[in-house]
Amino acid sequence: MRIEKVANAAAGAPGKVQRVRAVCSRPWLCPEQLKLAKLQVEKAIKEKKIFMVQGRYPVIRRLLRARGWVERKAPRRAQQEEAGGGDAELSTAQHGVQPSLESLCSMWLPNEEEEEEEEEEEQMDKDDPDGLHNLMSRLVQDQVPYFIWSSRCSAAERCVLRPDQMVNHYARGGCLTTKEGLCLTLRNLPWFDQADPDTFFPRCYRLGAVDERQAFIEDFRLTAARSLLKVALERAEGEHTALDPSPKASDAPAEGPAPLLPPQLVEEALRVCGGHLDSMAHQDIDGDPQPHSPGWDSFLQGYYRVVHEGAVPQLSAAQRERGRSLLQGLAGQLPQLRMEGERNVWIIKPGAASRGRGIVCAARLDQLLRLAGGAGREGRWVVQKYVERPLLIFGTKFDVRQWFLVTDWNPLTVWFYRECYLRFCSQPFSLRRLDAAVHLCNQAVQRHCRPGLSRHPQLPADNTWSCHQLQAYLAQQGQAGVWAEVMVPGMKAAVVRAVRCSQGLVRDRKGSFELYGADFIFGEDFQPWLLEINASPTMAGSTAVTGRLCAGVQRDTLRVVIDRRDDPDCPTGAFELIYKQAAMASRGGPRAAGTDGSDYRHRERVASHYQMSVALKSEIKKLTYVHVGLWLLLLAQMCVGHLKLLPHDRVAMPYQWEYPYLLSILPSLLGLLSFPRNNISYLVLSMISAGLFSVAPLIYGAMEMFPMAQQLYRHGKAYRFIFGFSAVSVMYLVVVVAAQVHGWQLYYSKKLLDSWFTSTQEKKKK
């Protein structure tokens, strides 16, 4: 066995001992230690307790070793070149060429910075002073790791894993963990929950998409109009109190009286806001189809003069009253109006970057568009509304890093960590300065910023607080209950809604799990706003607070994903189960990704490419209800006529075409039967039989009744009646309505059939 060979090499000939020393860089081990190491390795192999960790996670290593696991270390690049690759693979699947463990490890090491960090960690491994763990790692270097913890999502994306392997990532998670993906995913929230994403996620646009770029430009203009009204009303009423009353000298207006702007600027803002309010209330349907649109360039220049240069807009009493009414109406329609300020600040971010890289705040439209399009990389950028009225602590902005854990996507299982930490900016909050030190709370950004001279002395020097310190501060401010009653429930709801929207997009895999880090900011009303969700959140304990909490979340994660497998009742630490979905059914056993089982209702709610199918089915069902109503009327006429329940001069006998038309119920039933499992054959039969039993009888009926209709039109004589009305007129009306119903049924059925074919082809490609 390889174990015996390596152990003998460590305890045998001096030459071999020197080679072991050179590789391990550890003191020589005595025979007793080697024997213990050999026994522990054999036990770990038998119990499938081999793990691999890539990245700076000493807590994970220490906790797994304490549970009897043995680490198989990821080989370094230099070792790969010397060895020419390895022979161990993560999977034993028989179909296709799959990446080896060594190739996967090379995928995990994308830059020199991470390699240097890991090398430094290996040199400073205080938990292995005698080199015992390093030796055991060499003994299992050709074994399959059954637990993989990596900082790179490619561990789940690029490798086919065995069913008994665990990995801390799910494939295709970018829909949740990239800024661009989250922006798109949350737009599908109405399909899952009766909630509006604008109530917890600042509105966001992808500048690379032409339609979204134009939507952002329109949003910026409308927000500028609202901001102008607020500024004008506050200054006119003497209620204006800025968040930062002492602006920089460069931002202050010139000495002397502030310039006055003509009342037309406010009038333009009133018209724009009024038109926007009418459109949201659907009161513009019967109005002018071309709503008033001002000269936006001149309007924005006037707006900039008001908010940036201190110009004073003239406001009449009538305009003041109308402005109050419009803002009150808009507040009921726009949930984000309460977090908008006066300067219309937006934040532009790279669509898939992290650690605050590339993020810039700006308050001018031309500047935002120039920042995104200057390098020809619009597709990589998103622009998001900045929360201009955040909750401040001692006049300083902060955000919250909140962890949550997903252990299954079917049934969806979400755990929420009860503890979190705050990240402060280095300098006091001010909308007149859009510097990173003032507005970006990310620790990777703030470590390079100097504290402001006016920074409050009670703020921490390391810019971090625990949530318990926040609760104590809120209690001092007389808001002791808002943390448990408003802030935490709001964060939980936002997390669950975001994850549910991603359920049909992230690739589910039994045995996998993922720890996420959600970033929240709070408004002045203590309501949380979700900013982004991070994969592989940092576990570096750079401060006293993060050192304690990061170690705790790693410990409790292992309790949930490892200890609960053997003991479902074991403690889960600070993790709280906040959402567990009912398991979805399948035709036989566990549901495989992409199957067409009886879980169709769930798939249609969560998968974006099934949403068109849901809408088309809904329209066909509505038309079917109308058809059934017509069918019942004709059936009632036949029963009354043949059973002589009423005299024939009251209800005439049916025409000949009505008898074959009774078979038109069959195509509708076939169509409904095709919906549960998206049965293409039933839908095709429904369309063919609709032509025979629905459309053909209607054509025959129109021809049959035409002579009687012609006689009625020319001579005004009718010989058959239905409750006093001409029977031919009534039945022609039925034919016209039925023809439209069946025409639309066939149209929607054809589109539904195309969508099913498209979905089937996509699954075959996958």
Side-chain angles (χ1 to χ4, degrees), residues 54 90-91 93 96 98-99 104 107-108 110 148-163 165-189 191-192 204 206 208-209 350-354 379-380 382 404-414 495-518 530 532-537 561 579 581 584 586 590-596 599 602-611 758-766:
Q54 181 275 320
L90 287 177
S91 175
Q98 299 165 13
L104 179 62
M107 297 174 191
W108 289 350
I148 304 170
W149 185 291
S150 170
S151 61
R152 311 305 300 177
C153 297
S154 57
E157 293 280 358
R158 304 185 184 180
C159 211
V160 180
L161 301 172
R162 290 172 36 155
Q165 288 180 286
M166 299 178 65
V167 64
N168 69 321
H169 290 290
Y170 292 100
R172 300 181 183 176
C175 60
L176 184 66
T177 59
T178 63
K179 299 172 181 66
E180 186 177 11
L182 188 62
C183 173
L184 286 173
T185 300
L186 284 176
R187 294 176 188 174
N188 294 325
L189 180 60
W191 289 95
F192 312 97
C204 184
R206 297 176 303 148
S354 61
R380 298 173 178 242
V382 298
F404 67 95
L405 177 69
V406 176
T407 54
D408 204 341
W409 288 92
N410 177 28
L412 181 60
T413 308
V414 185
V495 164
V496 171
R497 288 165 178 167
V499 174
R500 289 183 65 193
C501 290
S502 307
Q503 189 174 6
L505 305 174
V506 177
R507 181 182 293 171
D508 180 27
R509 179 186 176 274
K510 297 298 180 182
S512 293
F513 64 95
E514 188 149 9
L515 179 68
Y516 299 96
L530 174 64
E532 63 184 22
I533 295 176
N534 300 276
S536 297
V561 302
Y579 186 83
Q581 190 180 53
M584 294 179 290
S586 63
R591 181 179 70 90
T595 58
D596 287 329
D599 59 331
H602 165 75
R603 290 186 290 105
E604 289 177 342
R605 287 197 300 268
V606 301
S608 59
H609 56 279
Y610 284 106
Q611 293 172 1
T758 302
S759 175
T760 302
Q761 294 300 320
E762 290 178 354
K763 289 175 183 176
K764 289 181 179 179
K765 291 178 182 179
K766 294 176 183 178

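Just the heavy atoms: all of them, side chains too, but no hydrogens, waters or symmetry mates, feed the values below.
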task = Apply salt bridge (Lys or Arg N to Asp or Glu O under 4.0 Å) to Arg509 and list each qualifying residue two or more places apart in sequence or on a separate chain.
result = none
query = What's the shortest heavy-atom distance between Arg187 and Cys183, and which atoms?
reply = NH2-SG, 3.2 Å
task = Could you grab the distance from atom CD1 of Ile533 to atom OG1 of Thr177, nearest 0.5 Å is fine?
result = 8.5 Å
ask   = How long is the gap from CG on Asn168 to CD1 on Ile148, to the nearest 0.5 Å?
value = 9.0 Å
key: ring pair (Phe, Tyr, Trp, His ring centres under 6.0 Å) against Tyr516, all qualifying residues, sequence neighbours excluded   = Phe404
query = Would a distance-only check, ignoring hydrogens and angles, find a side-chain to backbone donor-acceptor pair under 3.5 Å from Asn534 to Gly517?
reply = yes
ask   = Does the side chain of Leu515 reach to within under 4.5 Å of the side chain of Val406, using non-hydrogen atoms?
value = no
inquiry  = Using modelled atom types and a 3.5 Å cut-off, is there a donor and acceptor pairing between side-chain atoms of Lys510 and backbone atoms of Asn410?
reply    = yes
query = Who pairs with Ser536 by side-chain hydrogen bond (donor to acceptor under 3.5 Å, both in side chains), at least two apart in sequence or on another chain?
reply = His169
task = Say whether, by atom type as modelled, one donor and one acceptor occur between the side chain of Thr413 and the main chain of Trp409 under 3.5 angstrom.
result = no
query = Can you find a heavy atom in the side chain of Leu405 that is under 4.5 Å from one in the side chain of Val561?
reply = yes
inquiry  = Please give me the minimum heavy-atom distance between Ala498 and Leu176, naming the atom from each residue.
reply    = O-CD1, 3.7 Å
inquiry  = Within this structure, what is the CZ-OG1 distance for the pair Arg500 and Thr185, rounded to the nearest 0.5 Å?
reply    = 14.0 Å
task = First locate atom CD of Gln54, then atom CH2 of Trp149, and finally report the distance between them rounded to the nearest 0.5 Å.
result = 12.5 Å
Val506 side chain near Arg172 side chain, heavy-atom distance below 4.5 Å = no
Ser502 (side chain) donor-acceptor with Leu505 (main chain) under 3.5 angstrom = no
inquiry  = For the backbone of Ser512 and the side chain of Tyr170, can you confirm whether one donor and one acceptor N or O come within less than 3.5 Å of each other?
reply    = yes
request  = Identify, with sequence neighbours excluded, every residue that meets side chain to side chain contact (heavy atoms under 4.5 Å, CB included) alongside Leu189.
outcome  = Asp193, Ala195, Pro197, Phe200, Arg497, Cys501
key: Donor-acceptor pair, side chain of Arg206 and main chain of Glu180, under 3.5 angstrom   = no
query = Is there a side-chain contact between Leu161 and Val167, using heavy atoms and a 4.5 Å cut-off?
reply = yes
ask   = Which distance, rounded to the nearest 0.5 Å, do you find between the SG of Cys175 and the CZ of Arg507?
value = 12.0 Å
